[in-house]
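Note sheet for the following structure.
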Number of protein chains: 2
Amino acid sequence: MRLVIARCQVDYVGRLTAHLPMAQRLLMVKADGSVLVHSDGGSYKPLNWMSPPCWLIEEPGTWVVQNKAGEKLVISIEEVLHDSKHELGVDPGLVKDGVEAHLQELLAEHVTTLGEGWSLVRREFPTAIGPVDLMCRDSGGASVAVEIKRRGEIDGVEQLTRYLELLNRDPLLAPVSGVFAAQLIKPQARTLAEDRGIRCVVLDYDTLRGTESDDLRLF
Amino acid sequence: MRLVIARCQVDYVGRLTAHLPMAQRLLMVKADGSVLVHSDGGSYKPLNWMSPPCWLIEEPGTWVVQNKAGEKLVISIEEVLHDSKHELGVDPGLVKDGVEAHLQELLAEHVTTLGEGWSLVRREFPTAIGPVDLMCRDSGGASVAVEIKRRGEIDGVEQLTRYLELLNRDPLLAPVSGVFAAQLIKPQARTLAEDRGIRCVVLDYDTLRGTESDDLRLF
DNA sequence: GAGTCCATGTCGTCC
DNA sequence: GGACGACGTGGACTC
């Protein structure tokens, strides 16, 4: 990784056109050739950048970074205040927990959270327009499609509605009802869902995990 | 801005839980207290970070960055390989061109691109669930709601569908038809749109801009 | 503050 | 490689 602090001006031409006037910034050149232009504030997003795979051509006072698609980043350098290189090696990568995939696993294992006597047909139940998170049967044997979200918003309700519309055309499955399950359900999403006859269920991640721990403790 | 190259381990606890094993990385501390942890590859997104406003408490071998919401980033430092500080000053900021807002402007000025004799009622036509990009009248005086996207995907069709459903309840406007206009329309979005009686129009940014230039040349 | 929508979104995964 | 959905989405803008 190369770190350069420089007074520079940056122009990007690609999916859009963008210009950064002359000012002092950090230029970060990663081992894969990608370049990031950071200011001393804002958030984690650089002011400008080029993602790998891309190539940096360095001339005195001008860097040109290009990718295969023809997007181009031109950096004009007026003054270099710092320039250092560092060997970091390959990163072992991030380990995450608590995301939707895990919620789905937990709920699949404890499908009775949704109703007494319910059973799981399968996770990622395939349809022509994409997989339904969980397909279940309720205690009466009726099909229920379950959409799981961390944050339940209007998009998720639309998604489940599309699935239900399609699934209910299949005479082997119909009638299929819907459950919208999320750690947090926004009021507007709840209103839309209930208006469409979709049941809303708020999930508690710790309780689901706790249930799992309890199960394990039985052995 | 402070740049530290260090062998470190990072743990984030907040909206999710994430862990980075011990390895060499760049730690960037910005003037506003925000912290970014970068590896020597990937793209512009840091492996881990804390956005401002947040506070860094530095102890020997351990940094703790926290925000008001209680999210926490704990960085355990085993070895420091580089540590430098730089005064960058405030950045003048980025100037952009070619985004959706500009597409909307251009199409609003050249609404006849959509059809002979069409006229613009208004941009950002207000509805209870959000503004419609363009409200037009066709040559016969019928209302047309236009949704503009840079990339036309399924979400955009759903959005326009919601607007149309609402607008068609208004006897003063109904019947309202829909146009889905985008620089690129994904096949699935096109299928869904046309299935719902929504017309799809592919926009050419340069042609729209060219049309504008021609107009200007007349003066 | 909540709701809504754009983004050079980026990122993973599945096909 | 393309399509699709999640994201610690972030950020801007409206009400």
Side-chain angles (χ1 to χ4, degrees), chain A residues 10-18 34 36-37 42-52 54 65 67-73 93-94 96-104 124 126-133 147-151 153-156 158-160 162-163 182 186-189 191-192, chain B residues 12-18 34 42-52 54 67 69-73 94 96-104 124 126-133 147-151 153-156 158-160 162-163 182-184 186-189 191:
Chain A
V10 185
D11 284 279
Y12 165 76
V13 179
R15 277 167 281 185
L16 55 66
T17 302
S34 59
L36 282 64
V37 181
S43 71
Y44 71 67
K45 195 179 176 180
L47 293 166
N48 230 323
W49 71 93
M50 186 66 72
S51 302
C54 65
V65 196
N67 68 11
K68 222 171 173 176
E71 294 174 86
K72 199 192 270 194
L73 196 66
L94 191 65
K96 284 186 182 183
D97 183 25
V99 285
E100 193 197 286
H102 200 187
L103 263 185
Q104 194 191 104
E124 302 287 346
T127 78
I129 55 169
V132 176
D133 287 343
E147 179 66 34
I148 303 169
K149 295 277 180 225
R150 207 169 52 74
R151 294 167 43 158
E153 299 182 25
I154 222 160
D155 276 10
E158 297 286 16
Q159 193 182 338
L160 178 54
R162 288 199 297 275
Y163 290 142
K186 294 272 181 92
Q188 301 230 352
T191 305
L192 183 64
Chain B
Y12 164 76
V13 179
R15 277 169 281 185
L16 57 67
T17 302
S34 58
S43 76
Y44 73 66
K45 196 179 177 181
L47 292 167
N48 232 323
W49 71 93
M50 187 67 72
S51 302
C54 64
N67 68 9
E71 293 175 87
K72 199 192 270 193
L73 197 66
L94 191 66
K96 285 185 182 183
D97 183 25
V99 284
E100 193 196 287
H102 200 189
L103 263 186
Q104 193 192 104
E124 302 287 343
T127 77
I129 54 168
V132 176
D133 287 343
E147 179 65 34
I148 303 168
K149 294 280 179 222
R150 210 168 47 73
R151 293 167 45 153
E153 298 181 27
I154 221 161
D155 276 11
E158 296 287 15
Q159 192 183 338
L160 178 54
R162 287 198 297 276
Y163 290 142
Q183 283 180 290
L184 172 82
K186 295 273 181 92
Q188 301 228 354
T191 304

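The structure presented is a predicted model; accordingly, all values stated were derived computationally and were not measured. When reading the values below, keep in mind they use all heavy atoms of this one structure, side chains included, and skip hydrogens, waters and symmetry mates.
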Check your understanding: Nearest to the side chain of B/Ile154, which nucleotide is it out of D/dA3, C/dT8, D/dG5?
Key -> D/dG5
Exercise for review: When you get a sec, tell me which of D/dG8, C/dT8, C/dG3 is the closest nucleotide to the side chain of B/Leu73?
Suggested key: D/dG8
Check your understanding: Which of the following nucleotides, C/dC5, C/dG3, D/dG5, is nearest to the side chain of B/Tyr163?
Key -> C/dC5
Study note, to complete from the structure: Testing D/dA6, C/dT8, D/dG8 for proximity to the side chain of A/Gln159, the answer is D/dA6
Exercise for review: With the side chain counted from C-beta on, respond yes when B/His102 and A/Leu16 share a heavy-atom pair under 4.5 Å apart, and no when they do not.
Suggested key: no
Review point. Which part of the nucleic acid, if any, lies within reach of B/Asp155 when heavy atoms closer than 4.0 Å are counted: base, sugar-phosphate only, or nothing?
Key: nothing
Exercise for review: Treat a base pair as Watson-Crick or G-U wobble with both distances under 3.5 Å, then lay out DNA chain D in dot-bracket form, 5' to 3', with | for cross-strand pairs.
Suggested key: |||||||.|||||||
Review point. Taking only N and O in the side chain of A/Arg151, is any of them less than 4.0 Å away from OP1 or OP2 of D/dG5?
Key: no
Every protein N/O within reach of nucleotides 11-15 of chain C N/O, cut-off under 3.5 Å:
residue, atom, partner, partner atom, Å
C/dC11, OP1, B/Ser43, OG, 2.3
C/dC11, OP2, B/Ser43, OG, 2.9

Review point. Between D/dG5, C/dG3, C/dA7, which nucleotide gets closest to the side-chain atoms of A/Pro187?
Key: C/dG3
Practice item. Would you mind classifying the nucleic acid contact of A/Glu153 as base, sugar-phosphate or nothing, using non-hydrogen atoms under 4.0 angstrom? Key: nothing
**Study point:** salt bridge (Lys or Arg N to Asp or Glu O under 4.0 Å) partners of A/Asp97, counting only residues at least two apart
**Key:** A/Arg209
Review point. To the side chain of B/Tyr12, which of C/dG3, C/dC5, D/dG8 is closest?
Key: D/dG8
Exercise for review: Remember a base hit wins even if backbone is also touched, and classify A/Pro131 as base, sugar-phosphate or nothing at under 4.0 Å, heavy atoms.
Suggested key: nothing
**Study point:** Nearest-nucleotide pick for A/Arg15, side chain only, options being D/dG8, C/dT8, D/dG5
**Key:** C/dT8
